[in-house]
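The structure appears below as structure tokens.
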Amino acid sequence: MDRPGYWQLKYLHDDMPHALALADLVIGRAGATTLAELAALELPAVLVPLPASVSRGDQLDNARAYAAQHRSAAASSPTSS
């Protein structure tokens, strides 16, 4: 995608601390490690949890709980039938 101010990157792995340090807002999943990193860095986030249909459902609970205590929002995940 060629848009000013938009960079699509492969998984950053070793560069993730640098990317998070530069971030004003994070859009990501709601796994425990991700939320611990966001809390430590005091970064606001839009959390998009994995739906219960493809996970244990813990990310849904994590996202709601985290958003209630931090400058964050939990997006609804679609459910599958």
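Values below: every heavy atom of this structure, side chains too, minus hydrogens, waters and symmetry copies. Source: prediction; values computed, not measured.
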Enumerate the residue pairs fulfilling ring-ring contact (aromatic ring centres under 6.0 Å, His included) with a member in residues 33-52, sequence neighbours excluded, ordered by first and then second residue.
-> none
Residues at least two apart in sequence or cross-chain that pass ring-ring contact (aromatic ring centres under 6.0 Å, His included) with H13, listed by chain then number, are Y11
Exercise answer: donor-acceptor pairs, residues 30-49 side-chain atoms, under 3.5 Å, sequence neighbours excluded:
none

Of all pairs that satisfy salt bridge (charged side-chain N to carboxylate O under 4.0 Å, His left out), the ones with a partner from residues 48-60, not counting sequence neighbours | R56-D58
Output every pair passing side-chain hydrogen bond (donor to acceptor under 3.5 Å, both in side chains) with a member in residues 60-69, not counting sequence neighbours, ordered by first then second residue.
-> D61-R64
Just jot down the side chain to side chain contact (heavy atoms under 4.5 Å, CB included) partners of D15, sequence neighbours excluded, or say none.
-> L12, H18
